[in-house]
Amino acid sequence: MPPSAAPDGDSTKVWVRRILREVLAGREDPEGFFALCLSVLGHQETRSQYPSHIEPLRAANSSMHSVLTSIYKEYFSKTEDDELELALALSLVETKDYELSAPVHEPQLKQPGGRRNESGSVWPTSEFQTQRRSPIQPAEAASGTRNNSPQTGPSPKVCSPRTAVEPEHNADAWTPAKARSASCHQVMEAGDVDQSEKPKRPKKRRQRRKCAAQQVVGLPRAPSAAAPVLLWFRRDLRLSDNPALVSALKVGAPVIPIFIWSPEEEEGPGVTVAMGGACKYWLHQALSCLCSSLENIGSHLVFLKSETRGSEGGASLRALQGLAKATGARTVVANALYEPWLKGRDDAVAAALQKSGVECEMFHSYCLRDPYSVSTEGVGLRGIGSVSHFMSCCRQNPGAALGAPLDPPTTLPVPAHWPPGVSLETLGLARMPKRKDGTTIDWAANIRKSWDFSEGGAHARLEAFLHDGVYRYEKESGRADAPNTSCVSPYLHFGQLSPRWLLWDAKGARCRPPKFQRKLAWRDLAYWQLTLFPDLPWESLRPPYKALRWSTDRRHLEAWQRGRTGYPLVDAAMRQLWLTGWMNNYMRHVVASFLIAYLHLPWQEGYRWFQDTLVDADVAIDAMMWQNGGMCGLDHWNFVMHPVDAAMTCDPCGQYVRKWCPELSGLPDELIHKPWRCPTSLLRRAGVVFGQTYPERIVTDLEERRSQSLQDVALVRKEFGQYVDKRSGCDLVPLPPRLVSEALGSSHLDGGVATGGKQFLLPVITRMEFKHQQEDPDADAASNPYNAVLKGYVSRKRDETIAFLNERDFTASVMHEGAQRRERMESDQRRLEGLPRGPAPRGRVRRTPTAKDRFSVVPGGAVASLR
């Protein structure tokens, strides 16, 4: 039997004796013999049978018996830190000529025959790699194509001792020292690649630092009797760049990953809708992917569920106390959350655990800047609510350095006994409703098709965006008909992608446009506002707007929610939201403006619907943006998206509407966003029947509705004049005590007004058209010189072409635009006449009208009226 063959049954003793003869003959060293026993026999069998296997040497060769016994005792009596070093050496023995299991972290290099993972690291594709895979699996393609299953591709497996490749035994014995030397040599060779193989990637890509406690998957280590560490996952469902995970590994004790689901604690006070249906479904899928990732590194996730709120920390505290008692854990680590109710819960949990002798540590990771550490000192309060003011505060009062993102560990030490838990399905996160006949309503089918919920899917989305879409983001991020946005917001919300990793990748990709990076500042700003105003999700910050008169028409609200308003752009966006759980930022502005400015429905209705249907529903971000859109936040939107004219910017050719409103796909580009202007004959040919195949418009006179909205705002500002600055016309907002103390301490009152020592009012950003209406509340929108309605543009490419020609030759520019206008008119004429698209033939070709086909008659001037 060759030494590499795995023995079974009675052949074990024969195999061991054969290897012992190799040791006695000097062709195998004692450490290599012990490594082979662990690799082939397994941990438990080696622990129980190894002494009896080497017992014959006690009389024949007592010195060798003593060496082998000392190796055995040393291994099984070592501490966790010493075992890590030994496991590393033994795993190198296993790999022999193969590469290290850990990836080579050099984003600039590409190994021949290998493939690059999401973060830019090179993953080898050797024979050994087919057995040992990364805990984070790269997506099959970066194009956005997803399978229905939570993970794409084959399930990664950890290389077990019984399947590891064993070294050959020859005259040159393979020792651990030689294994280290050969493996290091291979790592050096991996960097010596042909420069022609380098892909076209951004230069100066930053290299992340490896986890200080990173371990190599190899032989299973003995379960330690040391007190384990409880790793509490919340919204940090990732292995890479996870400070809590790194801290747990540094303790040098077994790690027990846990997830506690307590709906009441998650929801918080008021009507926050912190976890809507779409978010719960994403959380279910993300937890499933995290389970797979942990299993790949030899661990697993323990689920606990509690729905009863208790005192002083509630359900989570009781669950942690029970786990600490059952497992003997003396340390709990987690990444901090910044919602006020969750931070209060965490503070209570930490204090209670500390009293019982259990250390609880929280690590900053969810935002780039801890919102509780942001101060206005040295900056003042003028301009508060804007991202520019927030960034000035961060620059003036810098916090701790971000540091480089950490790579994921490749194994976790496991406890001797796992605590009991419940199944993921028991949490009820992905529960689907049932019909009366018992069948299930699978409302999440399209969400599953649209997203890869794994951590690898997050990195694949980011990598694809940084290779392509980021270069159009600065000018074309509003386009709904093109993939010009990153689509990583749900991964950021659930912590499958850390903001630090995102920022480093964006900078490393030489992301020249600052607009994309500023989105992270907006995110931090939202959390800062939520910490200052805990009632942000349900109560208007500007007192006058609490009395604003809103519509109570539930038919309008339902039509908006279901995408049946009669305005194609709004309907397409709301249908995309319902089916996929997402829409880009520009479209969120469009539908919010329509709900507030044209339907006169309260912003809270839009906020609650977004929280229930968005897979990236974030209380802080949604509350801040809906308050701003509802005219009552710290900032004002200086624009109102017109439901028709905005389409010129985001969907000039109507492709977005055709995708989500297929009943309108037969309409021409010029009329698809305003089908009510189509001639009857064109509607009949396109199969559009208002009220049947496509809804009628729920409101028709948009200008009148917009004027009424302005008048309503003017009336409440006049009624509550004490909250309007007479000098500047800006709204006044009561500030929380935290900001007041900072402002008084730094003497930056910025024109604020104190009211009887109880309240401090600060002027905030106010839309110019509201200031105008304050002087004349009865004025209509037409007489207001400050119109915030955004008209959009037909085609930026066309505008840039004309501007270029204007610089070169004015005559050529006029001729070019005239030719374009002529082509559009001819194209419109042909469509109206039912002729196929394409260049018009010579001469005037018209359909011959008949008495039976009255719709074929084209009235004079029809084309001109459409322009």
Sorted by chain and number, sequence neighbours left out, side-chain hydrogen bond (donor to acceptor under 3.5 Å, both in side chains) with Y281 holds for Q285, R448

N335 versus S365, side-chain donor and acceptor atoms under 3.5 Å: no

Is the distance from the ring center of Y366 to that of Y527 below 6.0 Å? yes

Pair R435 + D437: basic N to acidic O under 4.0 Å: no

Does the separation of the ring centres of W282 and H493 fall below 6.0 angstrom? no

Hey, do the aromatic rings of F303 and W261 have their centres closer than 6.0 Å? no

Quick one about Y656 and Q576 (side-chain donor to acceptor, distance below 3.5 Å, no hydrogens or angles considered), yes or no? yes

So does R431 have more than 12 non-hydrogen atoms from other groups sitting under 6.0 Å from CZ? no

Side-chain contact, heavy-atom cut-off 4.5 Å: T440 with K434? yes

For R238 and S454, test the side chains for any donor-to-acceptor distance below 3.5 angstrom and give the result as yes or no. no

By side chain to side chain contact (heavy atoms under 4.5 Å, CB included) - contacts of E704 (at least two apart): D701

Considering all heavy atoms of both residues, which atom of A334 and which atom of W232 are nearest to each other, and what is their separation? CB-O, 3.5 Å

Is it the case that the side chains of R461 and S486 hold a donor-acceptor pair, with the cut-off being a distance below 3.5 Å and no angle test? no

Sorted by chain and residue number, the ring pair (Phe, Tyr, Trp, His ring centres under 6.0 Å) partners of F690 (sequence neighbours excluded) come out as none

Check this for me: E558, atom CD, are more than 12 non-hydrogen atoms of other residues, nucleotides or ligands nearer than 6.0 Å? no

Count the heavy atoms of every other residue, nucleotide or ligand shown that sit under 6.0 Å from NZ of K325, and state whether that count exceeds 12. no

Determine whether the side chains of S477 and N484 contain a donor N or O and an acceptor N or O closer than 3.5 Å. no

Pairing of K343 and D347 as salt bridge, 4.0 angstrom limit: yes

Does the separation of the ring centres of H589 and F639 fall below 6.0 angstrom? yes

Under 30°, 30 to 60°, or over 60°: which ring-plane class applies to W609 and W578, parallel, tilted or perpendicular? parallel

